[in-house]
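Shown next, in structure tokens, is the structure this report addresses.
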Amino acid sequence: MSTEARESLNFIEQIIVEDIQNGKHGGSVYTRFPPEPNGFLHVGHCRAIVLNFDLGLKYNGKTNLRMDDTNPTTEKTDYVDNIKNDIKWLGYEWDGDVLYSSDYFEQLYDYAVVLIKKGLAYVDDSTAEEMAAMKGDTTTPGSNSPFRDRSIEENITLFAGMRAGEFPDGTRVLRAKIDMAAPNLLLRDPVLYRIKHEHHHRTGDEWCIYPLYDFAHGQSDSIEGITHSLCSLEFRHHRDVYNWLIEKLEIFPSRQIEFARMNVSYMITSKRKLLKLVEEGLVTGWDDPRMPTIAGMRRRGYPAQAIVDFCRGIGLTKRDNVIEIERLEYHVRQELNKSADRVMAVLDPLKVVITNYPEGQVEMLETVNNPEDENSASREIPFSREIYIERGDFKTEAPNRKYFRMAPGRNVRLKSAYILHCESYDTDPATGEVTTVYCTYYPDSKSGEDTSGVKAKGTLHFVSVGQAIEAEVRMYDRLFTDAEPTSHEDKDFLEFFNEESLKTITAYVEPSLSKAKAGEGVQFMRLGYFAADEDTTEAKPVFNQTVTLKGSYKP
RNA sequence: AGACCUAUGGUGUAAUUGGCAACACAGCAGAUUUUGGUUCUGUCGUUCUAAGUUCGAGUCUUAGUAGGUCUACCA
């Protein structure tokens with residue numbers, strides 16, 4: 001047994017291990033993933049999902065899934081269902097039932113009353129504008145609201161009135177009484193409750209006041225006994241409010257720890273901006289294969305395991321980062337290389353006639369489904385006198401010695417078939433475009449039983465003209481022309497929308513592909529990985545390009 | 001301008017917590033290959049700056065510089 005290299009822990013795990021060693025919370029580790037159900041989950045969320053659920057698994061704890069649904073204006077049940085589905089698809093299970101911040105509304109209300117009774121919260125009649133004006137700024141302290149010193153009794157009455165629906169939206173709020181001169185602006189009497197006469201996706205019309213993030217998130221953590229509440233860096237300043245509330249309410253002391261969220265080049269993770277792409281019709285929906293959403297990546301053909309491995313492999317720190325998308329694609333290829341069947345598809349067909357092959361004859365050739373998988377079976381593909389090869393695999397003149405595809409006078413092997421000798425070609429007199437290539441084949445060069453002694457450096461994929469079926473293939477490119485489309489202060493991210501991010505073509509594919517099942521990933525030999533789309537039918541298969549093969553050929 | 005956070009190859013992270021700066025991705029070169037894929041080998045290249053503490057600093061201290069976050073009745 002070799003001694004393993006010491007495992008290096010990220011800064012959050014170091015804290016957790018230390019807490020366990022100190023017996024904090026009896027050594028338990030409870031985490032949670034708290035999405036707001038106002039959009040689809042995206043790559044950025046994947047990092048948080050993997051982090052939280054892995055921690056729960058690794059340290060024998062549990063991980064809750066909690067919908068942070070305190071804003072009825074933007075939240076929908078439809079989003080809840082998609083979020084649940086996406087997390088399951090990634091392979092994770094949350095502890096017990098899905099939880100909702102809205103389940104705690106009554107408890108939260110009671111907490112607010114406790115605060116009022118302690119003289120630590122008050123109802124403010126100021127308008128939003130007045131409150132902003134009294135807030136001060138980074139260099140000047142704020143000033144106290146004229147309503148700050150209302151009596152506890154009056155505050156209780158007014159707050160009850162707010163709940164009872166006695167006041168219109170925006171007329172009053174409940175604020176914590178902290179410090180209007182605090183250097184942290186969030187500590188300048190943060191708003192805890194606002195009035196919103198709106199229908200909530202779960203509580204219906206039961207409430208017309210709703211708690212804000214600062215008065216819902218930390219308390220929900222506490223109610224659930226979350227020991228380590230992990231969130232992204234921008235919540236750093238909220239931690240002071242989070243801790244203040246825990247202290248004053250004397251509730252379970254969850255600990256908030258911030259980490260830098262993950263950014264991936266050419267992808268955006270702003271739900272608002274993603275929504276805009278959907279609303280403006282630049283993509284077909286939240287699950288468009290170009291979208292950096294989990295639903296989009298799934299439809300694109302990215303295996304869940306690839307996404308999880310990617311998230312695990314990039315580490316965790318507090319510095320801003322942009323991970324090159326190539327790294328995600330590396331994991332996608334690695335996963336698909338192991339699992340995807342190799343199939344024949346010609347995207348840009350050029351007809352080849354094998355002049356010494358009998359007319360009308362169709363031969364079935366055996367080919368292995370996946371050379372990377374020992375347990376992989378074989379199947380048969382048709383071969384005949386007329387085939388299609390990739391137009392890019394033929395040149396009227398071989399450019400150099402390093403070129404080993406098809407050109408007049410050259411030999412080239414057809415995958416799982418015969419070696420061809422290229423004789424001549426026809427061109428369209430009008431355009432000069434090559435229309436047909438003529439070859440002869442070596443009958444004794446059949447794959448697996450080659451006795452010809454003929455050498456061919458290159459191997460091409462092909463489909464038999466008579467048996468090939470047409471398929472719709474959606475070729476995808478990066479959604480944006482800039483690696484960080486949202487980082488330009490002077491330009492809107494939509495200016496970088498890649499108009500060529502989708503090209504739909506008709507390809508010729510081997511007959512077995514009519515039975516492709518939606519979601520199934522295959523490798524189009526020598527071209528890339530493709531996944532059958534949900535639109536696929538037996539009569540008209542539809543494939544999404546997942547990612548190209550790496551490709552090191554330089555003409 | 002203030003408070004807070006951050007700074008290690010092109011990118012992302014390590015560095016046994018003060019002891020020879022390494023791993024992965026990307027790039028480049030080569031070997032193997034009935035996929036110019038996979039696999040394998042080699043190669044390129046790194047501690048923001050300046051002082052200080054120390055036998056010794058990527059790590060500790062101070063100052064500076066750069067980037068980020070914060071002044072929503074969003075989360």
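Here the structure is a predicted model, which is why all the values come from computation and not from measurement. Because only heavy atoms are used, hydrogens play no part in the values below, and waters and symmetry mates are left out as well, while side chains stay in. Residue numbers start from 1 in every chain, and the chains themselves are labelled A, B, ... in the order their sequence lines are given, proteins ahead of strands.
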With sequence neighbours left out, the residues meeting ring pair (Phe, Tyr, Trp, His ring centres under 6.0 Å) with A/Tyr242 are none

B/rU41 glycosidic conformation (syn if within 90° of 0, otherwise anti) is anti

| Ring-face cation of A/Arg410 near A/Tyr403 (centre distance under 6.0 Å, axis angle within 45°) | no

Decide whether A/Asn38 and A/Lys76 meet the rule of one side-chain donor and one side-chain acceptor closer than 3.5 Å. no

Would A/Arg413 pass as a cation-pi partner of A/Tyr418, given that its NZ or CZ must be under 6.0 Å from the six-membered ring centre and within 45 degrees of the axis? no

Where RNA chain B forms runs of at least three Watson-Crick or G-U pairs (i with j, i+1 with j-1, under 3.5 Å), the stems are B:2-7 with B:65-70, B:10-13 with B:22-25, B:27-31 with B:39-43, B:48-52 with B:60-64

Next item on the list: Decide yes or no, distance alone: a donor-acceptor N/O pair under 3.5 angstrom between the base of B/rA1 and the side-chain of A/Thr138.
Entry: yes

Applying a 4.0 Å non-hydrogen cut-off, can you work out what A/Ile419 is touching in the nucleic acid: base, sugar-phosphate, or nothing? nothing

Taking the six-membered ring of A/Phe493, is the NZ or CZ of A/Lys273 close enough (under 6.0 Å from the centre) and on axis enough (within 45°)?
yes

Rounded to whole Å, CD of A/Glu390 lies from P of B/rG36 at a distance of 12 Å

Any salt bridge linking A/Arg478 with A/Glu324? Criterion: basic side-chain nitrogen under 4.0 Å from a carboxylate oxygen.
no

Exercise for the section: Tell me what A/Ser416 touches on the nucleic acid: a base, only sugar-phosphate, or nothing, going by heavy atoms under 4.0 Å. Expected result: base

